[in-house]
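In this chain, numbering begins with 1 at the start of the sequence shown.
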Amino acid sequence: MKKHISLISLLVEDYDNAISFYVQKLGFVLLEDTMLSETKRWVRIAPGAATESCLLLAKAVTGEQRAHVGDQTGGRVFLFLNTDDFWRDYHNLVSNGVRIVREPSEESYGTVAVFADLYGNLWDLIEMKN
């Protein structure tokens, strides 16, 4: 039986601001934006055309949810964005004004840098060694 994680919910303050950041600054693709009610949308985004694992942008509506926007993992790196060309994507992040939290480093497993999304969630940009 084949299984995979298809969606990861990411708490956001505003759907449109989040879509704009991920699409314009990170180069993600908006896969779906469906109105479910007057206040709730089903918004899926993914890096490039990769659809086997997507982010589901989930608008925080309760006080408890709003308190966790940007801190879903207690300050640890939350998501890992693998790339086939680290320096191309790193320079794109920098030129798009994305905040770099930890500068690039060469590790035993590959080249990595940490960046923050618009809410402060930490991401690894990583090119794995073969």
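- Remark: Lys25 pairs with Phe21, Asn96, Val98 by the side chain to side chain contact (heavy atoms under 4.5 Å, CB included) rule, at least two apart or across chains.
- Checked against side chain to side chain contact (heavy atoms under 4.5 Å, CB included), Gln24 has the following partners two or more places apart in sequence or in another chain: Ser20.
- With sequence neighbours left out, Arg41 forms a side chain to side chain donor-acceptor pair (under 3.5 Å) with Asp16, Asp33.
- Cluster annotation: Met35 and Val12 are assigned to distinct hydrophobic clusters (Ile/Leu/Val/Met/Phe/Trp/Tyr, side-chain heavy-atom contacts under 4.5 Å, transitive).
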Which atom pairs, donor and acceptor, lie under 3.5 Å between side-chain atoms of residues 69-77 and protein residues at least two apart or in another chain?
from  : atom 1 : to    : atom 2 : distance (Å)
Asp71 : OD1    : Gly74 : N      : 3.2
Asp71 : OD1    : Gly75 : N      : 2.9
Gln72 : OE1    : Leu11 : N      : 2.5
Gln72 : NE2    : Ser9  : O      : 3.4
Thr73 : OG1    : Arg76 : O      : 2.7

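- The two residues Leu55 and Leu10 come nearest to each other via the heavy atoms CD1-CD2, 4.1 Å.
- No side-chain heavy atom of Ser105 sits less than 4.5 Å from a side-chain heavy atom of Thr111.
- With rounding to the nearest 0.5 angstrom, the CD1 atom of Ile19 is 13.0 Å from the CZ atom of Phe28.
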Identify all side-chain donor-acceptor contacts of residues 121-130 below 3.5 Å with residues at least two apart in sequence or on another chain.
from   : atom 1 : to     : atom 2 : distance (Å)
Asn121 : ND2    : Asp117 : OD2    : 3.0
Glu127 : OE1    : Phe86  : N      : 2.9
Lys129 : NZ     : Glu107 : O      : 3.3

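- Partners of His91 under the ring-ring contact (aromatic ring centres under 6.0 Å, His included) rule, at least two apart in sequence or in another chain, are Trp87.
- Counting non-hydrogen atoms of other residues, nucleotides and ligands closer than 6.0 Å to CD1 of Ile5 gives a total of 12 or fewer.
- With sequence neighbours excluded, the residues that form a side chain to side chain contact (heavy atoms under 4.5 Å, CB included) with Arg99 are Val101, Ala116.
- Residues Phe115 and Val23 are members of one and the same hydrophobic cluster, defined by side-chain heavy-atom contacts under 4.5 angstrom among Ile, Leu, Val, Met, Phe, Trp and Tyr.
- Between Val43 and Leu56, the closest side-chain pair of non-hydrogen atoms is not below 4.5 Å.
- Arg66 is linked by a salt bridge (charged side-chain N to carboxylate O under 4.0 Å, His left out) to nothing, counting only residues two or more places apart in sequence or in another chain.
- Partners of Asp14 by salt bridge (charged side-chain N to carboxylate O under 4.0 Å, His left out), not counting sequence neighbours: none found.
- The shortest heavy-atom contact between Val29 and Gly48 is CG2-O, 2.9 Å.
- Considering only residues two or more places apart in sequence or on other chains, Asp84 meets the side chain to side chain donor-acceptor pair (under 3.5 Å) condition with Arg88.
- Phe78 and Leu7 are not part of a single hydrophobic cluster, where members link through side-chain heavy atoms under 4.5 Å apart.
- Ser53 and Ala46 make their closest contact through O-CB, 4.2 Å (heavy atoms, listed as atom of the first residue, atom of the second, distance).
- Contact record, Tyr15 with Lys40: OH-CA, 3.8 Å, taken as the closest heavy-atom pair.
- Under the side chain to side chain contact (heavy atoms under 4.5 Å, CB included) criterion, Glu64 pairs with Thr62, His68, sequence neighbours left out.
- Clustering ILVMFWY residues whenever any of their side-chain heavy atoms sit less than 4.5 angstrom apart, transitively, puts Ile8 in the very cluster that holds Leu30.
- Between Val112 and Tyr109 there is a side-chain heavy-atom pair separated by less than 4.5 Å.
- Tyr90 places none of its side-chain heavy atoms less than 4.5 Å from the side chain of Thr83.
- Contact annotation: the side chain of Cys54 never approaches that of Ile45 to less than 4.5 Å [non-hydrogen atoms, C-beta and beyond].
- In this structure Trp42 satisfies the side chain to side chain donor-acceptor pair (under 3.5 Å) test together with Glu32, sequence neighbours excluded.
- Linking ILVMFWY side-chain heavy atoms closer than 4.5 Å, directly or via other members, places Leu118 and Leu81 in a single hydrophobic cluster.
- In this structure, the side chains of Gln65 and Val61 come closer than 4.5 Å at one or more pairs of heavy atoms.
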